[in-house]
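Below is one structure, written out as structure tokens; comments come after it.
Since the model is a prediction, treat every value here as computed from it, not as a measurement. Within every chain, numbering begins at 1; the chains are lettered A, B, ... in the order of the sequence lines, protein sequences first and strands thereafter.
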2 protein chains.
Amino acid sequence: MSDFIKVVIVEDEKDIRDMLMRLINDSKDVRCEHAFADCRSGVEGVLKHQPDVVLMDLGLPDESGIVGIGRIRDKFPEMDILVLSAQVDEESVFDALCAGACGYLVKQQSIENVVEAIYEAKNGGAPMSASIARRVIASFQRKPTKLISAREKEVLNELCKGKSYKLIADALFISEETVRRHLKNIYKKLEVSSKSEAVAKALKEKIV
Amino acid sequence: MSDFIKVVIVEDEKDIRDMLMRLINDSKDVRCEHAFADCRSGVEGVLKHQPDVVLMDLGLPDESGIVGIGRIRDKFPEMDILVLSAQVDEESVFDALCAGACGYLVKQQSIENVVEAIYEAKNGGAPMSASIARRVIASFQRKPTKLISAREKEVLNELCKGKSYKLIADALFISEETVRRHLKNIYKKLEVSSKSEAVAKALKEKIV
DNA sequence: CACTAAATCCCCCGTTTAGGTAATTGTTTG
DNA sequence: CAAACAATTACCTAAACGGGGGATTTAGTG
């Protein structure tokens with residue numbers, strides 16, 4: 001067993017791949033001996049060599065790195081997978097994190113810090129480029145929804161606990177009829193037509 | 001207008017407060033002239049002095065820093081609020097982020113890096129102690145739920161779109177009766193008894 | 001002061017849903 | 001191979017729900 005942090009790279013651009021390898025192997029405590037240029041062989045290589053950390057690109061020629069992350073995750077849930085991508089769109093970021101990445105580096109911003117990020121990942125952290133981190137945090141924050149009134153929000157809140165009309169009525173000390181009326185208004189405002197739809201929308205849009 | 005990043009501290013322990021102030025005022029580009037020892041006066045001070053960054057403790061004598069964060073957020077949504085707390089429990093972390101914090105530093109781990117974190121926050125980042133960052137990221141990942149079968153997961157998926165039995169049946173090319181049956185099983189497994197409850201649970205527990 | 005919006009309560013009616021019981025067909029797995 | 005489980009369909013009933021009316025009170029706003 002070596003003392004090095006073993007790294008595998010999956011990245012299609014040869015220049016970047018080589019640069020990453022050099023950056024890593026010039027640093028102490030980390031070592032990269034295997035790098036792959038597409039997703040399928042990358043995943044295969046990762047499963048075979050079982051590194052401590054994977055550096056994963058997203059825009060790969062054969063299939064998205066995101067599905068690769070999922071595959072690796074299924075086999076080795078403890079492995080640290082760091083995304084290193086040029087893509088900064090909402091969907092790529094969150095899909096990658098949902099798939100199991102433990103960090104997300106934007107190529108343009110953080111490629112020189114990749115070794116530092118590897119240390120951080122091994123240290124139980126979650127290295128992210130600043131802009132990514134901010135967006136991740138922002139995703140927790142409720143967006144201000146003028147549409148729904150305060151009282152309606154309370155009703156919606158109870159609804160999201162899965163309560164029936166009757167239970168909501170009890171919780172808010174109003175009649176079942178009033179709950180029904182609020183729900184009608186909420187449905188109109190959210191453009192939905194059932195409790196489950198309303199709950200789904202409310203939770204996804206972080207209204208509650 | 002000064003060129004300094006203006007910082008206000010809200011922290012009840014005098015020793016820490018003083019140390020933070022020294023750390024900040026010994027660094028360049030940042031300056032702290034106001035510090036408060038409880039939440040209410042802290043919020044008041046923040047609203048009055050309108051700093052660029054707020055350093056906020058959570059365990060304050062009068063009320064939780066979390067409500068303070070919310071109050072500040074309501075007035076100045078663009079202000080960067082950094083939590084600096086000893087509390088590392090799940091609830092404190094996520095409540096603080098939901099309330100509007102843009103970063104979370106664990107006192108024991110990151111107090112020396114507080115100035116660095118302030119720079120990072122002003123730079124559009126979201127400074128977090130390593131363990132916090134990892135937990136934030138982990139919260140995106142679907143927890144492996146053996147309980148629900150693959151087919152049931154599909155049904156649950158459609159359910160989370162707010163569909164009726166009939167529409168789910170159409171979407172999955174099965175009879176309404178089968179949908180009903182799946183739902184019954186899902187309800188049992190999730191320990192719920194209605195569509196909205198199931199949707200709420202599925203989305204909150206990230207089953208879908 | 002009139003107007004509006006929010007919150008409250010009421011009725012009706014048809015549809016949807018939840019829970020019970022039962023049965024058939026594959027697939028997986030010990 | 002038998003047992004267990006997943007997926008499928010069926011029927012019945014009472015309760016819950018969604019959409020359609022209408023009404024009152026209070027608070028805020030032009």
Neighbour count >12 (heavy atoms, 6.0 Å) for atom CD, A:Glu91:
no
Tell me which of B:Ser196 and B:His182 sits closer to the 5' end of DNA chain D, going by the nucleotide each one is nearest to.
B:His182
Given side chain to side chain donor-acceptor pair (under 3.5 Å), test A:Asn113 with A:Ser110 step by step and report yes or no.
CA-CA 5 Å; A:Asn113 305 326; A:Ser110 309; 4.7 Å; no
Euclidean distance, atom CD1 of residue A:Ile174 to atom C1' of D:dT26 [Å, nearest integer]:
16 Å
d(CD, A:Glu154; P, C:dA6) in whole Å
15 Å
Salt-bridge present (A:Glu63, A:Arg40; N to O < 4.0 Å):
yes
Atom CD of A:Glu176 and atom P of C:dC11: how far apart are they, to the nearest Å?
12 Å
Proximity to the side chain of B:Lys184 - top-ranked nucleotide from D:dC17, D:dC11, D:dT9
D:dC11
For the side chain of A:Arg142 and the backbone of A:Val208, is there at least one donor-acceptor N/O pair under 3.5 Å apart?
yes
When rounded to whole Å, the CZ to C1' distance for the pair A:Arg180 and D:dG19 reads 10 Å
Which nucleotide, C:dC11, D:dT9, C:dG20, lies nearest any side-chain atom of B:Ser175?
D:dT9
Grab the CD1-C1' distance between A:Ile168 and D:dA16 for me, whole Å please.
12 Å
D:dC5 OP1/OP2 closer than 4.0 Å to side-chain N/O of B:Ser149
no
Side chain of A:Ser193 (C-beta onward), nearest among D:dC17, D:dG18, C:dA6:
D:dG18
Can you find a side chain N or O atom of A:Tyr187 that sits less than 4.0 Å from OP1 or OP2 on D:dG19?
no
Without decimals, in angstroms, what is the distance between B:Ile186 CD1 and D:dT8 P?
11 Å
Starting at atom NZ of A:Lys163, determine the distance to atom P of C:dT17, rounded to an integer number of angstrom.
22 Å
Can you figure out which of C:dA18, D:dG19, D:dT8 approaches the side chain of B:Arg151 most closely?
D:dT8
Could you tell me the separation between the CG atom of A:Asn185 and the C1' atom of C:dA6, rounded to a whole number of Å?
9 Å
Just N and O in the side chain of A:Ser194: are any of them under 4.0 Å from OP1 or OP2 of C:dT16?
no
Main-chain N/O of B:Val93 paired to B:Gln87 side chain as donor or acceptor, under 3.5 Å:
no
Select one nucleotide: of C:dT17, D:dT9, D:dG18, the one nearest the side-chain heavy atoms of B:Glu177.
D:dT9
What do the steps show when you test B:Asp57 against B:Lys107 for salt bridge (Lys or Arg N to Asp or Glu O under 4.0 Å), and what is the final call?
CA-CA 9 Å; B:Asp57 187 19; B:Lys107 267 182 197 172; 3.6 Å; yes
Between A:Tyr165 and D:dG18, is there a contact of a side-chain N or O with OP1 or OP2 at under 4.0 Å?
yes
So, under a plain 3.5 Å distance rule, would you say the side chain of B:Arg181 forms a donor-acceptor pair with the base of C:dT21?
yes
Are B:Thr178 and D:dT8 close enough that a side-chain N or O sits under 4.0 Å from OP1 or OP2?
no
Phosphate contact (C:dT16 OP1 or OP2) by B:Lys195 side-chain N/O below 4.0 Å:
no
